[in-house]
Enquirer: 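Okay, here's the structure, questions in a sec.
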There are 2 protein chains.
Amino acid sequence: MIELLKNSIPGLRDNWDKYKDLFKEIKVDSKTVLLREGEIAKKIFFIKEGCLRMSFYSKGKDITFQFFFEGQAVSSIESFSSSQPSQFALEAIEPSTLIVVHKKDFENLQKEYPEIRTGMQEILLQRFSRYAGLFLSFIKDTPQQRYLNLLQNEPHIIQRVPQHYIASYLGISPVSLSRIRKRIHGI
Amino acid sequence: MIELLKNSIPGLRDNWDKYKDLFKEIKVDSKTVLLREGEIAKKIFFIKEGCLRMSFYSKGKDITFQFFFEGQAVSSIESFSSSQPSQFALEAIEPSTLIVVHKKDFENLQKEYPEIRTGMQEILLQRFSRYAGLFLSFIKDTPQQRYLNLLQNEPHIIQRVPQHYIASYLGISPVSLSRIRKRIHGI
DNA sequence: GAAATTCATTAACAATTGTTAATAAATGAT
DNA sequence: ATCATTTATTAACAATTGTTAATGAATTTC
């Protein structure tokens, strides 16, 4: 995982001894909260192994709206880059191995390697673009169709993520998702 | 309207005689199609007066997902900037007065005034950011709540846009929107 | 490995939505 | 002004979803 970052920035690899201490590997249990809603994001995570979910509270309900897997860089980017309280929480939903970089260190790295900043913007744009697609899907598809889309396009989510989080992600209740599955997969 | 563009770019104002022919004002009837789905966007519009909607076809239905009003710059930006066929259509839903700029001319302007490009990126980012918000609203709110949000945050849409387009925008049928309104506004 | 907790399914009922069709109201065209 | 078309409402019924609660299955904890 970290190899990816290392390799994409030549200077980083060449001076690896100088930087390697900034990348700390941690292992966390499932359900470990990595960022609480309202906190300011001071870390960025690279997922080496495992799965995280991003969520927020609304009317007494915990709503999950994105999942992250191996190879992805994760933070509440808005909070991380603006130092404003995060609107979202971040939590492990599998025992996970993460590479942690602190904001201070990350900013120093950014100064030395401006391509990191570009990469961050790229990630942000990709996320927004993804949300745009999901918005269109909500406007045109039924919950059942959205489940089928997920099955088609991101089967790993359905395989690995507990069902009630998927229900939340589809904007429906766990009970309703169970019924949809019954309708689709038979009996 | 065009004043806005003129004023935000000093050089434009100073050499206005040179450029003014690139900005053509047109008046269009309601229901005029300005860009068909599948066409490559070769124009950008600045709305001086009136209202447009952006839409696409899915399973035999025409789905509206955004409205544009006075003072906004509109194009199928993805198509306009990538020269790929547009996924979306653009249509007037009021008699409208538009300033049209052709892509060629716009690109020439961009070369002379790079801040225009930045402005375009800004517009694109704003639109994505808006879609992100709408996505979260779909995931957490009921159709009725989304209607109330619209009433609260963008009452001009409800005042000016025919109801069946709003229904589409909310992801529900016109019949259902009529029932929601009855529930809310009484009797 | 037993107990506790979490998660998924099912049932029952209420509420909401979709669909179709009929009617009423509003808008546009000649 | 009249006619035609479009748009909004209402009704009736089917389908879907939400909610609550009970049960079963799976997982975690000790």
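Here is the naming used below: chain letters follow the sequence lines, and residue numbers restart at 1 for every chain.
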Enquirer: Should Gln163(B) be listed as having a side-chain N or O under 4.0 Å from OP1 or OP2 of dT9(D)?
Expert: yes
Enquirer: Check for me, please, whether Ile166(B) and Ile184(B) land in the same ILVMFWY cluster - side-chain distances under 4.5 Å, paths through other members count.
Expert: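 Hydrophobic grouping puts Ile166(B) with Ile184(B).
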Enquirer: Can you give one letter per nucleotide of nucleotides 11-30 of chain C, 5' to 3': B if a protein heavy atom sits under 4.0 Å from the base, S if only from the sugar-phosphate, - if neither?
Expert: BB---SBBBB----------
Enquirer: Using whole Å, report how far CG of Asp29(A) lies from C1' of dT27(D).
Expert: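 The answer, rounded to whole Å, is 14 Å.
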Enquirer: Distance check needed: dT7(D) P versus Glu94(B) CD, whole Å only.
Expert: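 Rounding to the nearest Å, CD of Glu94(B) and P of dT7(D) are 13 Å apart.
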Enquirer: Whole angstroms only, please: what is the NE2-P distance between His164(B) and dT10(D)?
Expert: 18 Å
Enquirer: Has Arg53(B) got its NZ or CZ under 6.0 Å from the middle of the six-membered ring of Phe68(B), at an angle within 45 degrees of the ring axis?
Expert: no
Enquirer: Between atom CG in Leu170(A) and atom C1' in dA8(C), what is the gap in whole Å?
Expert: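 It works out to 15 Å between those atoms.
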Enquirer: Under the side chain to side chain contact (heavy atoms under 4.5 Å, CB included) rule, collect the residues that match up with Arg117(B), sequence neighbours excluded.
Expert: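 For Arg117(B), the residues satisfying side chain to side chain contact (heavy atoms under 4.5 Å, CB included) (neighbours in sequence not counted) are Gln110(B), Gln121(B).
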Enquirer: Measuring to OP1 and OP2 of dT5(C), would you say a side-chain N or O of Lys31(A) lies under 4.0 angstrom away?
Expert: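 No, no such contact exists.
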Enquirer: Just grab all the salt bridge (Lys or Arg N to Asp or Glu O under 4.0 Å) pairs involving residues 131-142 of chain A, residues at least two apart or on different chains.
Expert: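 Salt bridge (Lys or Arg N to Asp or Glu O under 4.0 Å) check on residues 131-142 of chain A returns Asp141(A)-Lys59(B).
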Enquirer: Among Glu94(B), Glu49(B), Glu154(B), which one satisfies salt bridge (Lys or Arg N to Asp or Glu O under 4.0 Å) with Arg160(B)?
Expert: Glu94(B)
Enquirer: Taking the six-membered ring of Phe80(A) as reference, does the NZ or CZ atom of Lys103(A) fall below 6.0 Å from its centre and within a 45° cone about the axis?
Expert: yes
